[in-house]
Amino acid sequence: FGGKAANYSVLSRVPGIAVPQAFAVPVYYYRQFMREHGLDERVGQWLTEDAFNDDPAERERRLQALRAEVEMLPLNPDFEGRLLAKLRADYPGVRMRFRSSTNAEDLDGFTGAGLYTSKSGDPDDPSDPVAEAVRRVWASVWSFRAFEERTYRGIDHQAVAMALLVHRSFP
């Protein structure tokens, strides 16, 4: 579930602390998305290429293209349907915030603060779709800055996965 979602869960169990209702989407769905669209294999190939590893401009270009692709590809229909059903059942009429919760942040000695994106979406507003919010957060795994920080810290890029911490959006 990533550090943020796990820590939020613990915080919600501390007596006397009022924490807004939330839930987490496990990394399973991010990995499913990457696998179904062949993106995990593509990244794996890039990591073996000198052109990608030795040229920051080329790396940034490819990562930017990958983020753009992630933001456009469809979510798994079963996952999207289950997510929307949960939102409508548990948070009717509420605009929601989808927050990053990777396994490459909030680590001992490495917070990763600001590396990943959070985005809001409204299941009842076609101009503010939940799927777009989910994809935008997932795409942020591949920001140039996040990639470079993980490289510097020796974090295996192929082991990184994004869960989501989901709660009402605070205006």
Side-chain angles (χ1 to χ4, degrees), residues 1-14 17 19-20 22-76 79 83 96-121 130-167 169-170:
F1 286 98
K4 190 178 293 169
N7 290 334
Y8 194 92
S9 174
V10 171
L11 183 63
S12 72
R13 291 171 172 78
V14 175
I17 306 246
V19 178
F23 68 96
V25 174
V27 300
Y28 171 87
Y29 294 103
Y30 167 81
R31 287 191 167 140
Q32 176 186 55
F33 177 86
M34 294 294 287
R35 185 180 62 253
E36 286 179 349
H37 294 293
L39 304 176
D40 56 344
E41 289 181 19
R42 185 181 317 158
V43 169
Q45 179 62 41
W46 289 351
L47 294 171
T48 68
E49 296 175 10
D50 291 341
F52 182 80
N53 290 307
D54 298 341
D55 184 351
E58 176 64 12
R59 192 164 48 252
E60 186 169 18
R61 183 191 68 74
R62 289 191 201 184
L63 292 172
Q64 182 177 16
L66 177 63
R67 286 191 312 278
E69 189 173 357
V70 168
E71 290 179 17
M72 297 305 298
L73 291 168
L75 297 178
N76 175 282
F79 163 63
L83 178 60
M96 301 299 289
R97 187 76 171 166
F98 297 84
R99 297 179 63 196
S100 65
S101 184
T102 71
N103 58 355
E105 63 183 316
D106 299 326
L107 304 174
D108 187 28
F110 178 59
T111 65
L115 291 181
Y116 307 106
T117 299
S118 294
K119 179 90 171 86
S120 295
V130 165
E132 181 180 298
V134 170
R135 291 189 306 256
R136 176 78 52 91
V137 177
W138 284 350
S140 70
V141 168
W142 303 106
S143 76
F144 181 74
R145 183 172 165 236
F147 190 93
E148 296 298 296
E149 284 288 332
R150 290 193 308 264
T151 299
Y152 178 76
R153 300 287 181 165
I155 296 171
D156 178 357
H157 298 288
Q158 292 184 287
V160 174
M162 177 75 76
L164 302 168
L165 172 61
V166 185
H167 57 68
S169 181
F170 301 96

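This one's a predicted model, so the numbers in the text were calculated from it and none came from an experiment.
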Using a 3.5 Å cut-off and no angle test, enumerate the donor-acceptor pairs between side-chain atoms of residues 66-75 and protein atoms at least two apart in sequence or in another chain.
{"residue": "Arg67", "atom": "NH1", "partner": "Leu63", "partner atom": "O", "Å": "3.4"}
{"residue": "Arg67", "atom": "NH1", "partner": "Trp142", "partner atom": "O", "Å": "2.9"}
{"residue": "Glu69", "atom": "OE1", "partner": "Arg42", "partner atom": "NH1", "Å": "2.5"}
{"residue": "Glu69", "atom": "OE1", "partner": "Arg42", "partner atom": "NH2", "Å": "3.3"}
{"residue": "Glu69", "atom": "OE2", "partner": "Arg42", "partner atom": "NH2", "Å": "3.2"}
{"residue": "Glu71", "atom": "OE1", "partner": "Arg136", "partner atom": "NE", "Å": "3.4"}
{"residue": "Glu71", "atom": "OE2", "partner": "Arg136", "partner atom": "NE", "Å": "3.4"}

- Begin with the C-alpha distance, continue with both residues' side-chain angles, and end with the deciding distance and a verdict on side-chain contact (heavy atoms from CB on, under 4.5 Å) for Leu11 and Asn7. CA-CA 6 Å; Leu11 183 63; Asn7 290 334; over 6 Å; no
- Item | Check against side-chain contact (heavy atoms from CB on, under 4.5 Å), Leu115 and Arg145 | CA-CA 7 Å; Leu115 291 181; Arg145 183 172 165 236; 3.7 Å; yes
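- Atoms OG and CZ, from Ser9 and Phe1 in turn, are 9.0 Å apart once rounded to the nearest 0.5 Å.
- The aromatic rings of Phe33 and Trp138 are tilted relative to each other, their planes meeting at an angle between 30° and 60°.
- The NZ atom of Lys4 sits 10.0 Å away from atom CG of Leu164, with the distance rounded to the nearest 0.5 Å.
- Listed by chain and number, the residues in a side-chain contact (heavy atoms from CB on, under 4.5 Å) with Ala161 are Val27, Tyr30, Arg31, Asn103 (sequence neighbours excluded).
- Between Thr117 and Val137 the shortest heavy-atom distance is O-CG1, 3.3 Å.
- Heavy atoms from other residues, nucleotides or ligands lying under 6.0 Å from CD of Gln64 number 12 at most.
- Here the closest heavy-atom approach between residue Ser118 and residue Ser100 is recorded as OG-N, 3.6 Å.
- Residues forming a side-chain contact (heavy atoms from CB on, under 4.5 Å) with Ala104 (at least two apart in sequence, or on another chain): Thr102, Tyr116, Arg150, Ile155, Val160.
- Phe52 places none of its side-chain heavy atoms less than 4.5 Å from the side chain of Val43.
- Closest approach of Ala133 to Phe98, counting heavy atoms only: CB-CD1, 3.7 Å.
- Residues Asn53 and Arg59 approach most closely at O-NH1, 2.9 Å, considering heavy atoms.
- A 4.5 Å side-chain heavy-atom check between Tyr29 and Asn76 finds every atom pair outside the cut-off.
- Minimum interatomic distance between Met162 and Ser140 (heavy atoms only, all atoms of both residues): CE-OG, 3.7 Å.
- Other residues, nucleotides and ligands place more than 12 heavy atoms under 6.0 Å from the CD atom of Glu36.
- Here NE2 of His37 is found 11.0 Å from CZ of Arg35. Values are rounded to the nearest 0.5 Å.
- Atom CG of Asp55 and atom CD of Glu60 lie 10.5 Å apart (nearest 0.5 Å).
- Shown here is Tyr152, whose OH atom has no more than 12 heavy atoms of other residues, nucleotides or ligands within 6.0 Å.
- Side-chain contact between Thr151 and His157 is present, with heavy atoms from C-beta onward closer than 4.5 Å.
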- Should Glu132 and Arg135 be marked as a salt bridge (Lys or Arg N to Asp or Glu O under 4.0 Å) after you check the CA-CA gap, both sets of side-chain angles, and the distance that decides it? CA-CA 5 Å; Glu132 181 180 298; Arg135 291 189 306 256; 5.4 Å; no
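- Nearest heavy-atom pair, His167 versus Arg99, reported as atom, atom and distance to 0.1 Å: NE2-CD, 3.0 Å.
- Between Ser120 and Phe170, the closest side-chain pair of non-hydrogen atoms is not below 4.5 Å.
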